[in-house]
Amino acid sequence: MSYPVILDTDPGVDDAMAIALCVAHPKIELLALTTVFGNVSVDQSTRNAQYLLDVFGATDVTVAKGLGKPIVQAPLPHSESVHGDDGLGNCWDASRQLNTEAKHAHLANLPAAEYIVQQAQQNPGKITLIAVGPLSNVAKALQLEPNLPNLLRSLIIMGGALDEPGNVTPVAEANFLNDPHAADQVLAVDWPATVIGLDVTHRIMISDTHLGTLRDNAGDTGRLLWDSSRFYVDFYVSKGAAKESEEPACAMHDAAAVLFLLMPEAFECVTGRSRVVDSGIAVGQLTCDRKGYDYALPHWKSVTPNTAIAVAVNDELARGEFLNCLITQHII
Ligand code: BDR
Ligand code: CA
């Protein structure tokens, strides 16, 4: 059995890991990458999506370009200090630039949100949407098709931080901060949805030894992941975020959302009515009613659906699946 997947993404070094896993894993049928602003502009994230599919040998996967800014708030600066000016750790190889249209992943003639809706309508109940950038395209798709939650098999979101501190403010994770209104609108709807946030993605680190193993044993894919992660690992080391491991390492954020689809048993979730703060000093914060109280304040008075939020993970199992998949698929 394989899972048809649309990955909504803003590549991004860890997005590249998620895309590589989607391409390589035998249980995933990657239908499309839909692109969004975030780590870089949407123009650059779309170029990166095409480039990565080219390097990973998956030019049959469609790319649909999405929104270039948040649905309400003014755009925040992109994350060049984390992912490099090109979003891929400044590793673009000049000889591999996209200079001919034909051999590169097909660019859909529909914008991302319309494309998601079209695919969901044509394949009701089949597609898993994995969103690993700001949730702008997903919110737009919901506006276009309010029945979208019933048309998808499931929605997996990389975003938010519940008990873990944020990575861009003390409480906010980057994807939710980049479009908090979209994130709140998406969580306000009753989906078969799971949030994979920093509580677990900060636990799934990948070290330079692991990345070196991929470089040496996973062909062009492994070499791209090694090259693109040099800048990103340096960022993590500079922030002291890798100090628990004995060597340089970085978080696999977006790949964790794909791993949840493949091995949900490796994750532990809490469930509750969830919202995202859309203004003020806590903007971007994920909040969840884990007690099921009848809170009097209007924000909580209206009935909002339960969302599952991952709070713990067996990181060895999850990382092992990622590494084994990329190495085994290359050998085959
Ligand atoms: C998330 O933000 C982006 O920088 C990463 O690609 C990931 O999706 C982590 O907070
Ligand atoms: Ca991302």
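Numbering of ligands and ligand atoms starts at 1, following listing order.
Ranking protein heavy atoms by distance to atom 9 (C) of ligand 1, first place goes to E173 OE2, 3.2 Å. Distance from atom 6 (O) of ligand 1 to its nearest protein heavy atom, with residue and atom name: D14 OD1, 2.7 Å. Ranking the protein heavy atoms by distance from atom 8 (O) of ligand 1 puts D254 OD1, 2.6 Å first. Looking at atom 4 (O) of ligand 1, its nearest protein heavy atom turns out to be N39 OD1, 2.7 Å.
Between F267 and F260, the angle of the ring planes goes over 60°, which puts this pair in the perpendicular group of the 30/60° scheme.
Using a 4.5 Å heavy-atom cutoff, the side chains of E164 and L162 are not in contact. Looking only at side-chain heavy atoms (C-beta outward), S136 and F37 come within less than 4.5 Å of each other.
Set against the non-hydrogen atoms of M158, the atoms of ligand 1 under 4.0 Å away are 1 (C), 7 (C), 8 (O), 9 (C). Near N175, the atoms of ligand 1 lying under 4.0 angstrom from a non-hydrogen atom of the residue are 1 (C), 2 (O), 3 (C), 7 (C), 8 (O). Of all atoms in ligand 1, numbered sequentially from 1 with element shown, those under 4.0 Å from a heavy atom of A174 are 2 (O), 10 (O).
Residue contact annotation: A174 places no N/O/S atom under 3.0 Å from the Ca ion (ligand 2). Within the coordination shell of the Ca ion (ligand 2), defined by N, O or S atoms under 3.0 Å, D14 is absent.
Rounded to the nearest 0.5 angstrom, D163 CG and L286 CG are separated by 9.5 Å.
Below 3.5 Å of separation, one finds no N or O of S79 facing any N or O of ligand 1. Geometrically, ligand 1 and V132 share a nitrogen or oxygen pair separated by less than 3.5 Å.
Considering just the N/O/S atoms of D254, the one nearest the Ca ion (ligand 2) carries the name OD2. Nearest N/O/S atom of D10 relative to the Ca ion (ligand 2): this is OD1.
If you look at D15 next to ligand 1, the close heavy atoms, those under 4.0 Å, all belong to the side chain. Heavy atoms of V13 found under 4.0 angstrom from ligand 1: none, in either backbone or side chain.
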